[in-house]
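In listed order, ligands and their atoms are each counted from 1. Not measured: the values here are computed from a predicted model.
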Amino acid sequence: MTYLAKPKLHHPTLPKNKVGYTRRDYEGKVSTLCAGCGHDSISAALIQAFWELDILPHRVAKLSGIGCSSKTPDYFLGNSHGFNTVHGRMPSVLTGANLANRELVYIGVSGDGDSASIGLGQFAHVMRRGVNMAYILENNGVYGLTKGQFSATADKGSKAKKGAINADEPVDTVSLALLMGATFVARSFSGDKKQLVPLVKAALAHPGAAFIDVISPCVAFNNHPGSTKSYDYVREHNEAVNRLDFWPTRDAISVSYEEGGVIDVPQHDGSVLKLRKLHADYDPGDKINAQAMIASANVKGEVLTGLLYVAPDSEDLHAHLNTVATPFNKLGEKELCPGSATLEKINATLR
Ligand SMILES: Cc1ncc(C[n+]2csc(CCOP(=O)(O)OP(=O)(O)O)c2C)c(N)n1
Ligand code: SF4
Ligand SMILES: [Mg+2]
């Protein structure tokens, strides 16, 4: 029934957020994905996070590549800016948009084929440059849209639906993001909305490149026994290192926590990440330890989830480049084209 349009009228008593919108105002078109696809659960988590953060939909820009995952921005935030780029090229297009206008909230949606195969170079560089964005990788281990070929994140030894065994080493996207200098790195599961929603909220508030790899089973091509990206496998091997509670600046912290069981990570905008420790040895501020624990979990076939790393003092690309704060579309002709005398001065400094 995907051809049916969603009704525009809302029930008058639906709860509204602080900017006067209902949760339905953050929805998009009816999804055309397969029933049970993990990607639809991620869209629902994104809707929830944006609504709870009271973000004005017209202040959001959502960009994606190509794939079932990259189609999803059509199914959430229907009143926001959106651009469906070329396969694997979301990061460079988002970088350009962000440089032209830093006042929007940027979200990039991609798949494992989109980010770890054709777009691997773009993914690596957007992490190391610190573009201010929430990068959501909907990771199912296959090229869903082109009918189930192994992607570069499929684990070595995992079995395809028709029995073929993957002989190639996988790209571990969270390890790569850490190596490339991402300042916020998390992993989650599409079937765990309680974990995913606060992670998305924290990623949106983080200044710099915030990466969340979300294991998102493909029910059509990669949800059978032998697959390491199936619902059953992830549920059985999910090892959460922490549980995040995200506290925006204006909300008073009213919940009491068991002593010693919580790590506070204050953010530069005044918000606080409260992490309930589930794993005694895990410190998300210690990058070297995070890398070691991720590698050791990979060897054991565990799926390590939670906020894996966050840098307390992150900066974004604009700070690195010392750019002008005003978006290009608000600058006048005089600022954009200051004339030949100014150009001559700039050229003189380069001689
Ligand atoms: C330049 C280019 N090469 C190949 C393709 C064909 N293609 C479309 S989607 C896709 C893979 C999608 O996989 P993934 O990013 O994992 O998304 P999923 O469908 O699994 O969510 C490929 C290879 C394309 N559209 N463009
Ligand atoms: S083919 Fe797989 S990834 Fe694509 S919509 Fe269907 S279940 Fe989701
Ligand atoms: Mg995929």
Side-chain angles (χ1 to χ4, degrees), residues 1-3 28-46 62-76 82-94 107-124 126-127 135-156 158-162 164 166 168 170-174 176-177 187-191 193 196 211-235 303:
M1 296 293 184
T2 49
Y3 54 86
K29 290 187 191 143
V30 175
S31 171
T32 59
L33 304 186
C34 307
C37 176
H39 300 348
D40 278 334
S41 310
I42 301 173
S43 298
L46 293 172
K62 32 176 197 161
L63 289 98
S64 61
I66 298 290
C68 298
S69 35
S70 292
K71 282 170 71 178
T72 62
D74 219 17
Y75 315 138
F76 63 84
F83 194 72
N84 203 193
T85 71
V86 180
H87 199 20
R89 269 59 164 197
M90 172 273 285
S92 52
V93 179
L94 190 147
I107 176 157
V109 178
S110 181
D112 41 310
D114 201 63
S115 285
S117 297
I118 195 168
L120 188 65
Q122 297 235 340
F123 167 60
V126 85
M127 290 295 121
Y135 193 125
I136 311 291
L137 197 159
E138 307 194 345
N139 189 351
N140 53 17
V142 289
Y143 297 170
L145 191 73
T146 53
K147 308 243 176 284
Q149 302 85 352
F150 281 128
S151 80
T153 66
D155 289 308
K156 192 171 181 175
S158 80
K159 207 192 262 183
K161 205 172 172 186
K162 293 202 172 150
N166 182 39
D168 297 335
V171 172
D172 182 40
T173 55
V174 290
L176 185 61
R187 176 166 272 154
S188 191
F189 172 43
S190 62
K193 207 170 165 191
L196 184 54
F211 176 63
I212 312 181
D213 178 272
V214 191
I215 310 293
S216 176
C218 167
V219 290
F221 301 110
N222 206 13
N223 194 34
H224 47 272
S227 158
T228 56
K229 299 279 191 284
S230 65
Y231 281 109
D232 285 349
Y233 186 91
V234 183
R235 278 193 195 112
V303 184

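- Closest of all the heavy-atom pairs between Met127 and Tyr135 is CE-CD1, 3.6 Å.
- Near Leu33, meaning under 4.0 Å from one of its heavy atoms, ligand 2 places the atoms 5 (S).
- You'll find the side chain of His39 stays beyond 4.5 Å of the side chain of Val214, heavy atoms only.
- Interface of Cys68 with ligand 2, defined as ligand atoms under 4.0 Å from a residue heavy atom, comprises 3 (S), 4 (Fe), 5 (S).
- Checked by atom type, the side-chain pair Ser158/Tyr233 shows no donor-acceptor distance below 3.5 Å.
- Every atom of ligand 2 with a heavy atom of Cys37 under 4.0 Å away is listed here by number and element: 3 (S), 5 (S), 7 (S), 8 (Fe).
- Between Thr173 and Arg187 there is a side-chain heavy-atom pair separated by less than 4.5 Å.
- Checking side-chain atoms of Ser41 against main-chain N and O of Gly191 turns up no donor-acceptor pair under 3.5 Å.
- The Mg ion (ligand 3) has an N, O or S atom of Val142 under 2.8 Å away, backbone or side chain.
- Which parts of ligand 2 touch Ala220 is read off a 4.0 Å heavy-atom cut-off, strictly below it: atoms 1 (S), 7 (S).
- Checked options Asp168, Asp112, Asp114, Asn139; the residue passing with Ser151 is Asp112 (criterion: side-chain hydrogen bond (donor to acceptor under 3.5 Å, both in side chains)).
- If you check the side chains of Asn140 and Asn222, you find no donor sitting under 3.5 Å from an acceptor.
- When side chains are defined from C-beta on, Ile215 counts as touching Val303, because their heavy atoms get closer than 4.5 Å.
- With ligand atoms numbered from 1 in the order given, ligand 2 contributes 7 (S) to contacts under 4.0 Å with heavy atoms of Val219.
- At least one side-chain heavy atom of Leu176 sits less than 4.5 Å from a side-chain heavy atom of Leu120.
- Counting atoms of ligand 2 from 1 in the listed order, those under 4.0 Å from a heavy atom of Asn140 are 3 (S).
- Checked options Ser110, Ser115, Ser92; the residue passing with Gln122 is Ser92 (criterion: side-chain hydrogen bond (donor to acceptor under 3.5 Å, both in side chains)).
- Among protein heavy atoms, the minimum distance from atom 6 (Fe) of ligand 2 is reached at Cys34 SG, 2.3 Å.
- Taking the side chain as every heavy atom from C-beta outward, Ser190 and Tyr231 approach each other to under 4.5 Å.
- Within the 4.0 Å heavy-atom criterion, neither part of Lys147 lies near ligand 2.
- When the N, O or S atoms of Asp112 are ranked by distance to the Mg ion (ligand 3), OD1 comes first.
- For residue Asn140, an N/O/S atom approaches the Mg ion (ligand 3) to within less than 2.8 Å.
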Mind listing the N or O contacts between ligand 1 and protein, cut-off under 3.5 Å?
residue, atom, partner, partner atom, Å
ligand 1, 15 (O), Gly113, N, 3.2
ligand 1, 15 (O), Asp114, N, 2.8
ligand 1, 16 (O), Asp112, N, 3.3
ligand 1, 16 (O), Asp112, OD1, 2.9
ligand 1, 16 (O), Gly113, N, 2.8
ligand 1, 16 (O), Val142, O, 3.1
ligand 1, 17 (O), Ser69, OG, 3.2
ligand 1, 19 (O), Cys68, N, 2.8
ligand 1, 19 (O), Gly144, N, 3.3
ligand 1, 19 (O), Leu145, N, 2.9
ligand 1, 20 (O), Asn140, OD1, 3.3
ligand 1, 20 (O), Asn140, ND2, 3.1
ligand 1, 20 (O), Val142, O, 2.9
ligand 1, 20 (O), Gly144, N, 2.8
ligand 1, 21 (O), His39, NE2, 2.9
ligand 1, 21 (O), Ser69, N, 2.9
ligand 1, 21 (O), Ser69, OG, 2.7

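- In this pair, Phe211 and Phe123 present their aromatic rings tilted. The plane angle is within the 30 to 60° band.
- Among the backbone and side-chain atoms of Cys218, no N/O/S atom is found under 2.8 Å from atom 6 (Fe) of ligand 2.
- Every atom of ligand 2 with a heavy atom of Phe221 under 4.0 Å away is listed here by number and element: 1 (S).
- No heavy atom of Leu145 sits closer than 4.0 Å to any atom of ligand 2.
- Side chains of Asp155 and Lys229 form a contact here, defined as non-hydrogen atoms less than 4.5 Å apart.
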